[in-house]
Amino acid sequence: ELRGAARKLLYTAKKLSDDAVFRKEKMALNLDIDGRGYGAKEGGNWVRLPDNVTIEAVILGKQGIRRGTVTITFFPSGLRDEAFIRLSDREGKRKYAVYIPALGERFEIREE
């Protein structure tokens, strides 16, 4: 479930990035660390992570965030906020990081 959750999150981020360029408008991925969910908009299309998966931390630029909410922005130019979203199982034994590059590079999942 952990790897599947990481894949789904990566797909959502990639789609938002592509949509920002295609629609020529800024898009955002909102993450609720404490509530264990994410989505493009508060309320609609909100994804709740499986019960045994948590958002351990989000590294946005150089800032590590472990509580609250985080917004990752995707711009029409193709630029985006560089981020690592670290997911783990409840025990903290298995971890995956979803990497969102600032520009051009591939979005990827890294096992940690």
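All heavy atoms count here, side chains included; hydrogens, waters and symmetry mates do not.
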(message) What's the separation between atom CD in E56 and atom CG in D89, rounded to the nearest 0.5 Å?
(response) 9.5 Å
(message) If hydrophobic clusters are built from ILVMFWY residues whose side chains come within less than 4.5 Å, do L49 and L10 share one?
(response) yes
(message) Looking at K95 and E111, is any side-chain nitrogen of the basic one under 4.0 Å from a carboxylate oxygen of the acidic one?
(response) no
(request) Flag the pair R67 and D34 as a salt bridge only when some basic side-chain nitrogen lies within less than 4.0 angstrom of an acidic carboxylate oxygen. (result) yes
(message) Donor-acceptor pair, distance only, cut-off 3.5 Å: does the side chain of T12 make one with the backbone of K8?
(response) yes
(message) Taking the side chain as everything from C-beta on, heavy atoms only, tell me whether Y38 gets closer than 4.5 Å to N30.
(response) no
(message) Quick check: closest heavy atoms across A5 and V53, and the distance to 0.1 Å?
(response) CB-CG1, 4.2 Å
(message) Hydrophobic clustering (ILVMFWY, side-chain heavy atoms < 4.5 Å, transitive) - are I55 and I65 grouped together?
(response) yes
(message) Looking at every heavy atom in both S17 and F74, which two are closest together, and how far apart are they?
(response) CB-CD2, 3.6 Å
(message) Distance to the ring centre below 6.0 angstrom and angle to the axis at most 45 degrees; does that hold for R80 and F75?
(response) no
(message) If the threshold is 4.0 Å, N to carboxylate O, is there a salt bridge linking R110 and E108?
(response) yes
(request) Kindly compute the distance separating CZ (R3) from CD1 (I109), expressed to the nearest 0.5 Å. (result) 5.0 Å
(message) To check you understand the geometry: which heavy-atom pair defines the closest contact between A40 and L16, and what is its length?
(response) CB-CD2, 3.7 Å
(message) Could you check whether D32 pairs with R36 (Lys NZ or Arg NE/NH1/NH2 to Asp/Glu carboxylate O, under 4.0 Å)?
(response) no
(request) Taking the side chain as every heavy atom from C-beta outward, state whether Y99 and E82 have any atom pair closer than 4.5 Å. (result) yes
(message) Name the residue from V58, L29, I85, I59 that meets the side chain to side chain contact (heavy atoms under 4.5 Å, CB included) definition with V70.
(response) V58
(message) How close do R48 and G35 get, counting heavy atoms only, and between which atoms?
(response) NH1-O, 2.9 Å
(request) Kindly compute the distance separating NZ (K93) from OG (S88), expressed to the nearest 0.5 Å. (result) 12.0 Å
(message) Please report the interatomic distance CD1(I100) to CD1(I72), rounded to the nearest 0.5 Å.
(response) 4.0 Å
(message) If hydrophobic clusters are built from ILVMFWY residues whose side chains come within less than 4.5 Å, do V47 and M27 share one?
(response) yes
(request) Consider only side-chain heavy atoms of I, L, V, M, F, W and Y, link residues closer than 4.5 Å, and tell whether F107 and L79 are in one cluster. (result) no
(message) Rounded at 0.5 Å granularity, tell me how far CZ in R86 sits from OG1 in T54.
(response) 11.5 Å
(message) Just so I know, are the side chains of D81 and L60 near enough to count as touching, which here means a heavy-atom distance under 4.5 Å?
(response) yes
(message) So, taking the atom named CZ in R90 and the one named CG in L2, what distance separates them when rounded to the nearest 0.5 Å?
(response) 12.0 Å
